[in-house]
Q: 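Mind looking over this structure? Questions follow.
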Amino acid sequence: MLTAEPDLSPDLVRRRRDELIRHAAGAGTVMEVFAHAARRLPRLVPYDAAAWVMADPATGLPGAPGLLENLDGPVPAGAGTAPVDPGSPARLRRDSRPPGSAGELRVVLRAGAIPWAMVTLWRHEEREPFTAAETDLVGGLAEPLGEAVRTAVRATLRLPAGDDAPPGVLTFDPDGHLLSADDHAVGRLEELPRLDLVPTGFGLALPVWLLLTAARSTRALHAGEDGTARALVPSERGRWTVCRATTTRDAEGAPAGTVVVLETAGPATMAPIIAQACGLTEREQEIALLIARGAGTAQIARSLFLSSHTVRDHVKSVLHKVGVSSRGELVAALYTEQGSPAAPRSARPDGESLPPHGGPPRPEGSPDRGMAAAVGHH
């Protein structure tokens, strides 16, 4: 793992930070954003291990894809397993220390108020904990890296959200052991990122984000909630899969097991994700929804207590951000076809190349591993 030289000058720190942001902003996929950032961040803030994980922007919960650096086993307990409070600032935690480490530094990567990813850094116990200055430096990357992830997500929104494939179903006993999985679930899992796979007695390895989603539904039931949980994950084919977990009760009211359903995310699920990926504000999302319901400028103005001139300005902004030229195209892009063209992207930075087959540049670590089980790290 690369480490920063001691006593970096402010000018060198600024230039390295700008270089990191520039390369991340030029990435074409979420994995490339992670790889570019992971390659350069140790030159600013030294660390021994890291986990870069995409979040479900609607819930702030960790999902996939993800990148692990220098972690041979699952990510330490608590690394990216807690939901993100959308109202909380993009601040880091330095008080959660997995075994064998002197400190942990965690940041949520946001674009505006929307969480798009999270990164956790660790240092071994022989190192000094992260300093306040290092915390501030990494925290200052939250917004530009969050924007880079958002832009990369937008670039992948090219395929229709729906398909005719049946949903896949898995069932778990009250202790979280897999009881059954149909062929449709197996097929859908093969299309999803192969992240931190956990073997089961079925000979079927399951990604940890799926197991955590099932566990969250059980915890929700114990907490007196509705016993459901959700994760939204982009597949390798470009489609997004929604994982819905529901924990049931037996005749005595005790948890009886959990059912997990995997299905292609439909328009209702994807519409807010597409709107957020396009950078629409809350007001712009309200106007887009009213347009989809057939409202004209005057009706929108009355509904939102705005002038017609203000509504027209908002509509122009929405059309520009989504990359369409008419209200009909807007409705198709957000709510029906859901395959809006990506915004023009800047050229890749000079001197940066991709390995064969178009994969992301790979730092030290595994690009095929992602967020992690709440178990100790090896």
Side-chain angles (χ1 to χ4, degrees), residues 29-31 53-59 61-68 74 152-153 155-173 175-218 227-248 257-271 273-274 277 336-339 357-360 366-373:
T29 67
V30 173
M31 282 298 295
V53 184
M54 185 173 169
D56 179 341
T59 64
L61 293 167
L67 170 67
L68 299 188
V153 169
T156 67
L157 296 174
R158 299 178 182 275
L159 297 180
D163 63 19
D164 297 328
V169 180
L170 305 95
T171 61
F172 297 84
D173 68 18
D175 295 321
H177 299 119
L178 182 64
L179 293 177
S180 66
D182 65 15
D183 291 342
H184 303 301
V186 174
R188 287 184 175 274
L189 287 171
E190 290 177 350
E191 295 181 3
L192 298 176
R194 310 295 288 173
L195 311 172
D196 268 348
L197 299 179
V198 176
T200 69
F202 281 65
L204 175 66
L206 298 178
V208 176
W209 59 261
L210 186 151
L211 299 176
L212 285 172
T213 304
R216 283 196 297 267
S217 72
T218 301
T228 63
R230 190 199 86 166
L232 191 61
V233 178
S235 76
E236 295 177 351
R237 292 170 52 200
R239 301 185 187 275
W240 286 60
T241 294
V242 60
C243 170
R244 306 184 193 275
T246 303
T247 298
T248 61
T258 301
V259 178
V260 173
V261 178
L262 300 174
E263 57 187 345
T264 301
T269 299
M270 287 303 301
I273 304 299
I274 295 173
T336 56
E337 296 176 7
Q338 296 194 329
H357 312 298
S366 168
D368 297 323
R369 308 266 319 278
M371 72 133 299

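Predicted model, so just to flag it, every value in this text is computed and none were measured.
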Q: Indicate yes or no: at least one non-hydrogen side-chain atom of Thr269 is less than 4.5 angstrom from one of Glu263.
A: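 A side-chain contact under 4.5 Å is absent here.
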Q: Please give me the minimum heavy-atom distance between Trp240 and Pro234, naming the atom from each residue.
A: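 Heavy atoms only, the tightest pair is CE2-CB, 3.8 Å.
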Q: Ignoring hydrogens, what is the shortest heavy-atom contact between Trp209 and Cys243? Give both atom names and the distance.
A: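 Here Trp209 and Cys243 meet closest at CZ3-CB, 3.7 Å.
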Q: Can you tell if the side chain of Thr59 reaches within under 4.5 Å of the side chain of Leu232, non-hydrogen atoms only?
A: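 Heavy-atom side-chain distance check fails, nothing below 4.5 Å.
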Q: May I ask you to check whether over 12 heavy atoms, not counting those of Asp175, lie within 6.0 Å of atom CG?
A: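 Yes - once you tally the heavy atoms of other residues, nucleotides and ligands closer than 6.0 Å, there are more than 12.
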Q: Ignoring hydrogens, what is the shortest heavy-atom contact between Ala245 and Ala214? Give both atom names and the distance.
A: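 Heavy atoms of Ala245 and Ala214 come nearest at CB-CA, 3.9 Å.
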Q: First locate atom CG of Leu211, then atom NE2 of His177, and finally report the distance between them rounded to the nearest 0.5 Å.
A: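 Spacing of CG (Leu211) from NE2 (His177) equals 10.5 Å.
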Q: Which heavy atom of Ser217 sits nearest a heavy atom of Ala229, and at what distance?
A: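 Scanning both residues, the minimum pair turns out to be N-CB, 3.7 Å.
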Q: Going by the side-chain contact (heavy atoms from CB on, under 4.5 Å) test, name the single residue among Leu61, Thr246, Asp56 that passes it with Arg230.
A: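 When side-chain contact (heavy atoms from CB on, under 4.5 Å) is applied between Arg230 and each of Leu61, Thr246, Asp56, only Asp56 qualifies.
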Q: What heavy-atom pair brings Gly168 and Asp182 nearest, and what distance separates the two atoms?
A: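 Taking Gly168 first and Asp182 second, the nearest heavy atoms are CA-OD1, 3.6 Å.
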Q: Supply the atom-to-atom distance Asp173 CG to Thr258 OG1, rounded to the nearest 0.5 angstrom.
A: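 The distance works out to 8.5 Å.
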Q: Is there side-chain contact between Val260 and Thr213, with at least one heavy-atom pair below 4.5 Å?
A: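 The answer is no; the side chains never approach within 4.5 Å.
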Q: Could I get the full list of side-chain hydrogen bond (donor to acceptor under 3.5 Å, both in side chains) partners for His184, not counting sequence neighbours?
A: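 For His184, no residue satisfies side-chain hydrogen bond (donor to acceptor under 3.5 Å, both in side chains) once neighbours in sequence are set aside.
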Q: Would you tell me whether Thr264 and Arg188 have side-chain atoms, one donor and one acceptor, within less than 3.5 Å of each other?
A: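 Yes.
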Q: Which heavy atom of Met31 sits nearest a heavy atom of Gly66, and at what distance?
A: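 Closest heavy-atom pair between Met31 and Gly66: SD-O, 3.6 Å.
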Q: If the test is side-chain contact (heavy atoms from CB on, under 4.5 Å), which one of Val153, Leu67, Val53 qualifies with Val30?
A: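 Exactly one candidate clears the test, Val153.
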Q: List for me each residue that meets side-chain hydrogen bond (donor to acceptor under 3.5 Å, both in side chains) alongside Ser180, sequence neighbours excluded, and say none if there are none.
A: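 For Ser180, the residues satisfying side-chain hydrogen bond (donor to acceptor under 3.5 Å, both in side chains) (neighbours in sequence not counted) are Thr171.
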Q: Taking the side chain as every heavy atom from C-beta outward, state whether Leu210 and Leu192 have any pair of such atoms under 4.5 Å apart.
A: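 Not touching, per the 4.5 Å side-chain cut-off.
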Q: Within the structure provided, determine whether Phe172 and Leu206 are in side-chain contact (heavy-atom separation under 4.5 Å).
A: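 Answer yes - side chains close enough.
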